[in-house]
Structures are given as C-alpha cells and as structure tokens.
Amino acid sequence: MGFDITTLASDWGVKILRALKRVVEKLQILKKKLGEGDFDALGEIRQTVLQLAAPPELVKELKTKMLSSGMPCPGDEGEQRWEQAWTAITKVWASKWNERAYFSTRKAKLDHEYLCMAVLVQEIINADYAFVIHTTNPSSGDSSEIYAEVVKGLGETLVGAYPGRALSFVCKKSNLSSPQVLGYPSKPIALFIRRSIIFRSDSNGEDLEGYAGAGLYDSVPMDEEEKVVVDYSCDPLLNDGKFQQSILSSIAGAGKAIEELYRSPQDIEGVIRDGKVYVVQTRPQM
C-alpha cells in the first residue's frame, strides 16, 4: 500500500520539523569542529546527514515529478521502498562530505561551504554495455580524435574502483565508421540490475573552472546490483567484428554530436541497450 500524502503531512509535519532542527543544530557544531581541524568530523557529518527526515512537501513534489517523467514512485510501492529511496538520496547529499571531495576543495583553495549539492533522479537502464567518452583524446590532446572506454553491464565497474581494464578505442571524428581498438577488456565482473532508480550527485563544483569535481561524489541506486562473472569468449563486442564496429561507431557518433551541441570538449557517460545509445550525462572535459 502506498503513502497517503495528506495523512503523512498532518501526522509527521511537526515531528519532522523538530527532527530537522536537531539535525541542523548538530551539523553546525560538527562543521565548527571541522573548521578547527578535526577531520574526524567528516564521518560524523555524513552520519548526521543520513538522519535527515523527508518533509511531506518534498515527498509530494518528488512523487509528482517522478510520475510525470514516467518513472515509478517508490512511495507507491510501499513504505520499505520509500525508505530505500530516501536513504539513497541522503547518501548522495552526505557524499559532499567525503574525505576525497573535502580535501580536493582545500587543495583547490575553494570554500567547501560554497559547494551546493542537488540530487538527480534517473531510471536505470539495465545496460548491455556502459561507456565513457572524451571528445578530445586525453592522452595526446588530439581534438580531432575521440577516446572512449566500454565495459559490460552497468558503468559502475568503469567509473568505480573495480579491478581490470575496459575495452578502449579511438575514432577520428572525420571517419566515425573506422574505430580503432587500443586495448581489450579484462574486468572479471559485470553489474546488472532490475528496473530501478538511481540517485546521482549534481554539484555546482562540477562547473567550476579548474576544479574537477566530477566523480568525487556518490551515485546511489535504490537496489543492489547483481554481480555476474564475464565470459568474453561469448561477447559479440569481441568476437563479432560487424557488431563491434557498429557499437563503437555509434558511441563515437554520440560523442561528436554532443560536442557539436555544446561547442566544447565533453566528458560523457552513457549506456548501450539493445543496440541503442542512451546518454546518462555530459560535462565539460577537464
């Protein structure tokens, strides 16, 4: 049974506001400790953020936006599913305070308080392959050449701390039909997932000149991915030349089109499902 938003508002409104006030007061104390050089406060801040409760107005607005976008609303699938979703949202917010992100702002001489964190809500496409594109080859600086990496399954094995190599290739923008494979994959695990929602970070730090905020913050799916051992001998991306050329050319073509749209080199993430390219996000290439 789903949530009755009206009942939620009337029964929980006052309690939630009081709880939020307590969390805010605790965060102010912890941030003061952090400013005094107590870096253990980072972990305490993250745990405190996870204690945030969702205001009824936010629950209602989130449901409206998700349903209007054709996504299933976790609150309509029962209280347990909503709790999973809210936990994922707060984990994304809390990741603003992870050690790598915090110390990177200090190194860049940025005020960490200036960074604002929004949470993107996206339906997960259970990908056959995932890719990352750099529309200027980062190794050579060649702006006429696209460089990309591809993995089996979801992209977390590519952007996360998973062992092994991805399939890597380059492709001239003037000849998208002739991608050149540079390295073959060795990642032993691929990730797959049921129809689900992922909550992704979107901070203003990712748009600051000279600060590579991308990848510092967390993306959190509602559901746990299934780990599958990869058998590359059965993978058409490796043993079917025509299929490989089609997929890699499609990825390169997406990269070129997006770069032309934004008129600057782009760092792009996306997936392939049933031969179709889906772009998850793009940002200026640093």
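Index from 1, following the sequence. Please read all numbers here as calculations on a predicted model, not as lab measurements.
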Rounding to 0.5 Å, atoms CG (D218) and CH2 (W93) come to a distance of 14.5 Å
Using a distance-only test with no angle check, is there a side-chain donor-acceptor pair under 3.5 angstrom linking Q285 and T136? no
Under a 4.5 Å cut-off applied to non-hydrogen side-chain atoms, are W86 and V59 in contact? no
For residues 178-185, which side-chain N or O atoms pair as donor and acceptor with protein atoms under 3.5 Å away, sequence neighbours left out?
unit_1 : atom_1 : unit_2 : atom_2 : d
S178   : OG     : N175   : ND2    : 3.2

For a quick test of reading the model, state the closest non-hydrogen atom pair linking L248 to V150 and the distance between them. CD2-CG2, 4.2 Å
Are M66 and E123 close enough that some pair of their side-chain heavy atoms sits under 4.5 Å apart? no
Heavy atoms of T157 and K187 approach each other most closely as O-NZ, 2.8 Å
Correct closest heavy-atom pair for M117 and S203 would be SD-CB, 4.3 Å
Donor-acceptor check, side chain of N98 to backbone of L216, threshold 3.5 angstrom: yes or no? yes
Is the count of non-hydrogen atoms from other residues, nucleotides or ligands lying under 6.0 Å from E224 atom CD greater than 12? no
Salt bridge (Lys or Arg N to Asp or Glu O under 4.0 Å) evaluation trace for R46 with E99: CA-CA 10 Å; R46 293 196 299 273; E99 282 77 6; 3.2 Å; yes
What I want to find out is whether R81 reaches D223 closely enough, with some N-O distance under 4.0 Å, to be called a salt bridge. yes
Evaluate the criterion salt bridge (Lys or Arg N to Asp or Glu O under 4.0 Å) for residue pair D142 and K172; output intermediate values, then yes/no. CA-CA 10 Å; D142 187 349; K172 290 292 184 182; 3.0 Å; yes
Just verifying a value: how many Å separate E226 CD and L154 CG, rounded to the nearest 0.5 Å? 10.5 Å
Any side-chain to backbone donor/acceptor pair from K26 onto T48? Under 3.5 Å, distance only. no
Linking I/L/V/M/F/W/Y whenever any side-chain heavy atoms sit under 4.5 Å apart, do Y129 and I124 land together? no
Under 3.5 Å, is there a donor-acceptor pair between the side chain of S249 and the main chain of S246? no
Heavy-atom distance under 4.5 Å between the side chains of K256 and I146, does that happen here? yes
R273 to I125 - nearest heavy-atom pair and separation: CB-CG2, 3.7 Å
Is there a donor-acceptor pair under 3.5 Å between the side chain of N126 and the backbone N or O of R194? no
May I ask whether L120 and Y278 are part of the same hydrophobic cluster, defined by side-chain heavy atoms of I, L, V, M, F, W, Y residues being less than 4.5 angstrom apart, directly or through others? no
Starting from V159, can I reach V119 by hopping between I/L/V/M/F/W/Y residues whose side chains sit under 4.5 Å apart? no
Between the side chains of S143 and E145, does any donor sit under 3.5 Å from an acceptor? no
When rounded to the nearest 0.5 Å, the distance separating CD of Q281 from CZ of R200 is 4.0 Å
For S233, does its backbone N or O pair with a side-chain atom of N239 as donor and acceptor, under 3.5 Å? yes
Chi angles and distances behind the side chain to side chain contact (heavy atoms under 4.5 Å, CB included) call for V277, I272: CA-CA 5 Å; V277 176; I272 302 288; 3.4 Å; yes
Counting C-beta onward and ignoring hydrogens, is there a side-chain heavy-atom pair between L238 and L167 closer than 4.5 Å? yes
Is there a side-chain contact between I193 and I198 in this structure, where contact means two heavy atoms from C-beta onward sitting under 4.5 Å apart? no
Results of ring pair (Phe, Tyr, Trp, His ring centres under 6.0 Å) for H112 - residues two or more places apart only: W97, Y102
What pair of heavy atoms forms the shortest contact from S264 to E259, and how long is it? O-CG, 3.3 Å
Heavy-atom distance under 4.5 Å between the side chains of Y162 and K227, does that happen here? yes
Exercise: identify the closest heavy-atom pair between P221 and A88: O-CB, 4.4 Å
Between T135 and I258, is there a side-chain heavy-atom distance shorter than 4.5 Å? no
In terms of hydrophobic clusters joined by side-chain contacts under 4.5 Å, are L115 and V24 together? no
Under 3.5 Å donor-acceptor, S68 side chain and K65 backbone: yes
Taking Q245 for the side chain and S177 for the main chain, is one N or O donor matched with an acceptor at less than 3.5 Å? yes
Above 12 or not: heavy atoms from other molecules or residues under 6.0 Å from CZ of F103? yes
Quick one: does S186's side chain have a donor or acceptor within less than 3.5 Å of a partner on R165's backbone? yes
Would you sort out whether I251 and F169 count as a side chain to side chain contact (heavy atoms under 4.5 Å, CB included), showing the intermediate values? CA-CA 10 Å; I251 292 171; F169 73 95; 4.0 Å; yes
Would you call D231 and V229 a side-chain contact if the rule is heavy atoms closer than 4.5 Å? no
Value for NZ (K152) from CG (D235), rounded to nearest 0.5 Å, stands at 4.0 Å
For residues 27-45, run the donor-acceptor check on the side chains, cut-off 3.5 Å, and write out each pair with its distance to 0.1 Å, sequence neighbours left out.
unit_1 : atom_1 : unit_2 : atom_2 : d
K33    : NZ     : E44    : OE2    : 3.3
D38    : OD1    : D40    : N      : 3.2

Among residues two or more places apart or on two chains, list those pairs meeting ring pair (Phe, Tyr, Trp, His ring centres under 6.0 Å) that have a residue in residues 218-246. none
Kindly give the cluster partners of F192, where membership spreads through any ILVMFWY side chain lying under 4.5 Å from a current member. V228
Output the distance between atom CG (L237) and atom CD1 (I247), rounded to the nearest 0.5 Å. 7.0 Å
Derivation of the side chain to side chain contact (heavy atoms under 4.5 Å, CB included) call for V92 and Y217: CA-CA 7 Å; V92 176; Y217 312 107; 5.9 Å; no
Hey, any chance L58 and M222 share a hydrophobic cluster, counting ILVMFWY side chains that come within less than 4.5 Å of each other, even indirectly? yes
Separation of L67 CG from C73 SG (nearest 0.5 Å): 5.5 Å
Which residues pass the side chain to side chain contact (heavy atoms under 4.5 Å, CB included) test with E149, sequence neighbours left out? Y147, L158, A166, S168
Heavy-atom count around K91 NZ within 6.0 Å, excluding the residue itself: above 12? no
May I have the step-by-step check of side chain to side chain contact (heavy atoms under 4.5 Å, CB included) for I89 and L62, ending in yes or no? CA-CA 11 Å; I89 291 170; L62 184 60; 4.0 Å; yes
